[in-house]
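Structure first, then comments.
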Amino acid sequence: MNPIDVKALSKSYGDVVGIDSLTFSVKPGEVFGFLGPNGAGKTTAIRTLLGLQSPTSGKAHVLGASITDESELLEAKTRIGYLPSDLAFNESVSGKRVLDYHASIKGDSRRAELLEIFTPPIDRPIREYSTGNEQMLGIVQAFMHDPDLVIMDEPTSGLDPLKQERFNQFITNERDRGTTIFFSSHVLSEVRRVCDRVGILRDGALVGLETIESLLNQGGKRVQIQTPDTIESQIEALDGVFSVISFGETVQFTYTGTYNNLISELQQYDIVDINISEPPLEDIFMHYYGSETEPDTETEAAHV
Ligand SMILES: Nc1ncnc2c1ncn2[C@@H]1O[C@H](COP(=O)(O)OP(=O)(O)OP(=O)(O)O)[C@@H](O)[C@H]1O
């Protein structure tokens with residue numbers, strides 16, 4: 001049994017399509033990233049999977065429970081952790097009270113351990129929390145009953161870079177413990193760091209379902225060559241060369257060809273330095289979105 005099984009799942013709001021015939025599975029112990037820009041349908045998919053809204057058509061099971069069978073789903077939810085995008089905690093109570101409330105419903109065997117990693121000021125009222133503190137409280141809440149499956153909607157939003165890194169490390173450790181994790185994001189580099197597979201959403205439809213490795217392979221490599229020779233036009237003529245730009249003595253391009261071809265071409269020049277690296281994730285994103293959707297380059301720059 002897969003922790004998440006989705007078949008032709010659709011949800012519309014009147015004429016507006018939220019998700020359109022999604023079909024995918026998340027395997028046991030997998031970290032699965034659900035990637036898409038604003039309005040792509042990530043929250044709709046997550047809320048529908050958790051039975052918070054009914055699907056228009058299609059089927060889905062979480063931990064074996066049908067999402068349209070209320071009692072099955074209620075039982076399964078004791079083994080599911082959920083971090084919503086809109087936490088909506090009661091502002092007047094303390095973080096501790098929030099955790100106590102959730103603990104009374106589903107348990108809190110890992111509360112102390114999680115509060116050492118994520119450190120919301122639990123004795124203070126929520127109204128005094130920063131966005132990051134609220135998010136950390138939400139993460140503790142989602143994991144503290146040691147669930148088999150955790151579903152999170154943009155879990156790192158509001159976290160500063162250090163806390164994001166801590167979160168990424170935590171997710172990697174959770175995978176090693178065998179927890180299945182499904183989370184949405186619009187930050188490619190985050191998904192790339194921690195996920196085994198990624199589903200790419202566009203206008204409610206799944207346009208890509210890839211392992212991280214194949215997602216990166218599709219983008220080829222970024223090559224930077226430093227040479228006093230003028231080689232731009234010769235490089236452009238090679239098979240598998242795209243997006244050539246020159247600055248100073250450096251020629252940079254995206255390469256999907258073989259290393260042997262590249263090396264035999266370069267032998268005739270005076271090469272001062274060569275650098276071959278993974279392509280920037282914006283390039284991979286563009287592969288699925290074309291120029292219609294600009295990725296958040298500022299956020300990317302901060303993460304890559
Ligand atoms: N309650 C609603 N009523 C009407 N339309 C909605 C509702 N919720 C979502 N939508 C629409 O469904 C589509 C998908 O929205 P959704 O919030 O699922 O996307 P998202 O990928 O989570 O976006 P974001 O990253 O901004 O949270 C959008 O066109 C949105 O306007």
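Every number for a ligand or one of its atoms is a count from 1 in the order of the listing. Just the heavy atoms: all of them, side chains too, but no hydrogens, waters or symmetry mates, feed the values below.
- Here the protein heavy atom with the shortest distance to atom 19 (O) of ligand 1 is G41 N, 3.1 Å.
- For atom 17 (O) of ligand 1, a protein heavy-atom neighbour is present inside the 4.0 Å cut-off.
- At a cut-off of 3.5 Å, with distance as the only test, a side-chain donor of D5 or S25 sits close to an acceptor on the other residue.
- Here F170 and F118 bring their ring centres to under 6.0 angstrom of each other.
- At a heavy-atom distance under 4.0 Å, only backbone atoms of P37 (N, CA, C or O) approach ligand 1.
- Between the side chains of N133 and T131, no donor-acceptor pair is found at a separation under 3.5 Å.
- Selection from S185, G39, G18 by nearest heavy atom to atom 28 (C) of ligand 1 gives G39.
- Between the side chains of D153 and S184, a donor-acceptor pair is found at a separation under 3.5 Å.
- The closest approach between G36 and ligand 1 stays at or above 4.0 Å for every heavy atom of the residue.
- With a 4.0 Å heavy-atom cut-off, ligand 1 is reached by the backbone of V17 but not by any atom from C-beta on.
- With respect to the salt-bridge test (charged N to carboxylate O, under 4.0 angstrom), the residues E134 and R127 do not qualify.
- Counting only N and O atoms by type, the side chains of E72 and S66 include no donor and acceptor under 3.5 Å apart.
- Here the heavy atom of the protein found nearest to atom 15 (O) of ligand 1 is T44 OG1, 3.8 Å.
- Using a 4.0 Å cut-off to heavy atoms of A40, the atoms of ligand 1 that qualify are 19 (O), 20 (P), 21 (O).
- Judged by distance alone, the side chains of Q164 and T156 never bring a donor and an acceptor atom under 3.5 Å apart.
- For atom 27 (O) of ligand 1, the nearest non-hydrogen atom from the set D86, T43, D153, V16 belongs to T43.
- In N38, the parts holding a heavy atom less than 4.0 Å from any atom of ligand 1 are both the side chain and the backbone.
- Protein heavy atom in closest approach to atom 8 (N) of ligand 1: Y13 CZ, 3.3 Å.
- A cation-pi contact, defined as under 6.0 Å to the ring centre and within 45° of the axis, is absent between K163 and F167.
- Ligand 1 has no N or O atom lying under 3.5 Å from any N or O atom of A45, backbone or side chain.
- Protein heavy atom at the shortest distance from atom 25 (O) of ligand 1 is K42 NZ, 2.9 Å.
- Ligand 1 lies out of reach of L201, whose nearest heavy atom is not under 4.0 Å from it.
- Contact detail for L201 and G41: the closest heavy-atom pair is CD1-C, 3.6 Å.
- Only the side chain of E154 comes within 4.0 Å of ligand 1, judged by heavy-atom distances.
- Between the side chain of K77 and the main chain of L50, a donor-acceptor pair closer than 3.5 Å is present.
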